[in-house]
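Side-chain atoms are counted along with the backbone in the values below, which use heavy atoms only and exclude waters and symmetry mates.
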Amino acid sequence: QVQLVESGGGLVQAGGSLRLSCAASGRTFISSYFMGWFRQAPGKEREFVAAIRQSGSSTYYADSLKGRFTISRDNAKNTVYLQMNSLKPEDTAVYYCAAGYYSRNNYYTERPYDYWGQGTQVTVSS
């Protein structure tokens, strides 16, 4: 059983930054997994934010977020990060991390991800 726990969410003013963390607990080693971040705003479907290959050699982003968000991982710490800069009110959402296996054709969908965290709330005030 893979257990993922997100942290680092909170309330921030527009233009500010936050860094989210996703830690794997127990006997889970995220080094085996392709890791992703998704988000879900109120009244909207969950959407892809970013993903990273097991080694960290390749990263993938939603087009609208490139340049503001950065995904990274530290396999030694069993943790994946999402650095979010220049935050906007429309970034307000619950952010989820997920673990799975890379799929070239649908890494930006939920299908390749087998395990999900509970989410952390990010609220950006204007």
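By the side-chain contact (heavy atoms from CB on, under 4.5 Å) test, Val2 is found to be paired with Leu4, Thr28, Tyr33, Tyr115, residues two or more places apart in sequence or in another chain being considered. Under the salt bridge (charged side-chain N to carboxylate O under 4.0 Å, His left out) criterion, Lys66 pairs with Asp63, sequence neighbours left out. Shown here are the side chain to side chain donor-acceptor pair (under 3.5 Å) partners of Arg111, two or more places apart in sequence or in another chain: there are none.
Residue pairs that meet the disulfide (SG to SG under 2.5 Å) test with at least one member in residues 79-124, sequence neighbours left out, are Cys22-Cys97. The ring pair (Phe, Tyr, Trp, His ring centres under 6.0 Å) contacts involving residues 74-96 comprise nothing, where partners must be two or more places apart or lie in separate chains.
Between Tyr60 and Tyr107, the ring-plane angle classifies as tilted under the 30° and 60° cut-offs.
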Step-by-step side chain to side chain donor-acceptor pair (under 3.5 Å) determination, Asn85 to Ser17: CA-CA 4 Å; Asn85 299 327; Ser17 298; 2.9 Å; yes
Full working for side chain to side chain donor-acceptor pair (under 3.5 Å) between Gln3 and Ser25: CA-CA 6 Å; Gln3 295 181 321; Ser25 62; 3.2 Å; yes
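Checking side-chain atoms of Arg68 against main-chain N and O of Ser86 turns up a donor-acceptor pair under 3.5 Å. Of the possible donor and acceptor atoms, none in the side chain of Gln54 sits under 3.5 Å from a partner among the backbone N and O of Ser31. Here the side chain of Arg73 pairs a donor or acceptor atom with the backbone of Ile30 at under 3.5 angstrom. Checking side-chain atoms of Tyr61 against main-chain N and O of Ile71 turns up a donor-acceptor pair under 3.5 Å. Judged by distance alone, the side chain of Thr92 and the main-chain N or O of Glu90 form no donor-acceptor pair under 3.5 Å. No donor-acceptor pair under 3.5 Å is formed between the side chain of Asn75 and the backbone N or O of Ser55.
More than 12 heavy atoms of other residues, nucleotides or ligands shown are found within 6.0 angstrom of CD on Gln121.
Between Phe38 and Trp116, the distance from one ring center to the other falls under 6.0 angstrom.
Note on Ile52 and Tyr108: separate hydrophobic clusters, where clusters join Ile, Leu, Val, Met, Phe, Trp and Tyr whose side-chain heavy atoms are under 4.5 Å apart, directly or indirectly.
As a member of the Ile/Leu/Val/Met/Phe/Trp/Tyr network built from side-chain separations under 4.5 Å, Leu11 groups with nothing else and remains a singleton.
Contact annotation: the side chain of Glu6 never approaches that of Leu20 to less than 4.5 Å [non-hydrogen atoms, C-beta and beyond].
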